Number of protein chains: 2
Amino acid sequence: MFSKACEYGIRAAVYIALQSLEGRRVSVNEIAEEIDSPIAFTAKILQQLSRNNVIHSVKGPTGGFEIERTDMETVKLNLIVKAIDGDQIYVGCGLGLKECDADKPCPLHDKFVDIRTDLRHMLESTSLYELATGLEVGLTYLKR
Amino acid sequence: MFSKACEYGIRAAVYIALQSLEGRRVSVNEIAEEIDSPIAFTAKILQQLSRNNVIHSVKGPTGGFEIERTDMETVKLNLIVKAIDGDQIYVGCGLGLKECDADKPCPLHDKFVDIRTDLRHMLESTSLYELATGLEVGLTYLKR
DNA sequence: TATTAATCGGACAAAAATGTCCTTTATTTA
DNA sequence: TAAATAAAGGACATTTTTGTCCGATTAATA
Ligand code: FES
Ligand code: FES
């Protein structure tokens with residue numbers, strides 16, 4: 001469904017949000033440890049998210065990654081997915097035709113669009129804050 | 001969502017079903033031409049589908065691929081997807097945790113499972129016959 | 001029976017995704 | 001001001017996916 005990079009990106013962003021709620025700024029090393037992801041690869045993904053203003057980075061000692069409280073409510077998952085995986089999942093044809101076009105649809109078009117629309121709505125309506133608070137309460141996990 | 005191999009596999013199976021309805025057996029070359037896919041790669045995928053009894057192959061002159069009329073009604077898309085992509089899309093965690101486990105869920109679990117379940121039901125209820133007849137009527141396309 | 005047409009299967013090649021390493025840059029603090 | 005710390009970024013390595021090539025096998029037909 002999502003690329004590995006995107007999965008790490010979402011998990012990392014949720015972890016950063018969680019720690020930002022506590023006023024803590026976190027390093028790549030801590031993030032990778034807490035979400036069980038490869039450090040250097042995670043660093044690349046965090047750069048992407050930073051460039052796309054999903055998270056905020058600070059260089060130097062006491063530096064690290066954080067998310068403003070207001071951002072973590074306005075930033076929805078679709079922003080992260082688009083930043084990392086692009087928009088193929090939102091606009092691409094389920095059977096791989098060059099474009100998804102309702103005027104010349106593939107055999108699966110109608111049924112596929114239903115699913116894709118649900119997925120899009122879900123991603124557009126889910127904020128980092130919502131996911132982080134579930135974590136905070138101890139109901140959900142970022143690694144196993 | 002699906003791998004390229006799986007996309008080609010579904011398109012190929014639908015085309016074979018369509019031609020089998022006309023009593024025609026089709027070659028890899030014709031299939032690849034009609035669904036706009038790489039010939040040799042398509043051949044590999046057809047082998048997989050043949051081994052998994054999704055389609056039937058016949059060697060030698062006048063040979064090719066076909067699907068029994070009864071099979072094309074009982075074979076649902078989930079069989080093709082499982083044969084080619086495995087079952088990660090059915091059982092995997094949306095955020096990439098080692099397993100998806102409702103007892104120790106990732107932050108996205110509930111929302112992701114809803115989508116995944118819809119997708120699974122769609123694939124389990126859609127037959128090749130259904131997709132092929134849409135094509136036959138000229139409402140849908142396998143290439144663009 | 002020889003030729004031909006088709007899939008099968010294995011080895012290989014190319015491209016994309018995933019992952020690593022190392023140097024540079026910015027910033028804090030001693 | 002020097003040392004230490006942390007992200008940024010570029011080059012490189014590995015793995016997976018996608019795609020190609022070619023000889024072996026099977027079966028129809030002249
Ligand atoms: S054309 Fe295939 S999903 Fe729309
Ligand atoms: S645990 Fe992540 S989707 Fe179920």
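Keep in mind it's a predicted model, so treat the numbers as computed, not measured. Order of the sequence lines sets the chain letters (A, B, ...), proteins ahead of strands, with each chain counted from 1.
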Roughly, in whole Å, what's the span from CZ in B/R11 to C1' in D/dT18? 14 Å
For atom CD1 of B/I55 and atom C1' of C/dA6, their distance in whole Å: 14 Å
By the side-chain hydrogen bond (donor to acceptor under 3.5 Å, both in side chains) test, which pairs, at least two apart or in different chains, include something from residues 76-93 of chain B? B/S3-B/D85
Could you give me the CA-CA distance, side-chain angles and deciding distance for A/L95 and B/V14, then say whether side chain to side chain contact (heavy atoms under 4.5 Å, CB included) is met? CA-CA 11 Å; A/L95 294 188; B/V14 172; 5.7 Å; no
Whole Å only: how far is the CG atom of B/L46 from the P atom of D/dG19? 14 Å
Of D/dG9, C/dT28, C/dG9, the nucleotide closest to the side chain of A/T62 is C/dT28
Short side-chain N/O contact to D/dA8 OP1/OP2 from A/R51, under 4.0 Å: no
Counting only heavy atoms not in A/E68, do more than 12 fall under 6.0 Å of its CD? no
Select base, sugar-phosphate, or nothing to describe what A/R25 touches, counting heavy atoms under 4.0 Å on all strands. nothing
Can you check the A/N29 CG to D/dA4 C1' distance for me, whole Å? 15 Å
So, the side chain of A/R116 versus the backbone of A/G92: is there a donor-acceptor pair under 3.5 Å, distance only? yes
Do the side-chain N or O atoms of A/Q47 get closer than 4.0 angstrom to the phosphate oxygens (OP1, OP2) of D/dA7? no
Heavy-atom contacts, protein to nucleotides 13-26 of chain C, under 4.0 Å, summarised as B (base), S (sugar-phosphate only) or - (none) per nt, yield -----SBB----BB
Without swapping roles, check the side chain of B/S50 against the backbone of B/L46 for a donor-acceptor pair under 3.5 Å. no
Check whether B/R25 reaches the backbone of B/G64 with its side chain - one donor and one acceptor, N or O, closer than 3.5 Å. no
Please state how far atom CD1 in B/I45 lies from atom C1' in C/dC8, giving the value in whole angstrom units. 15 Å
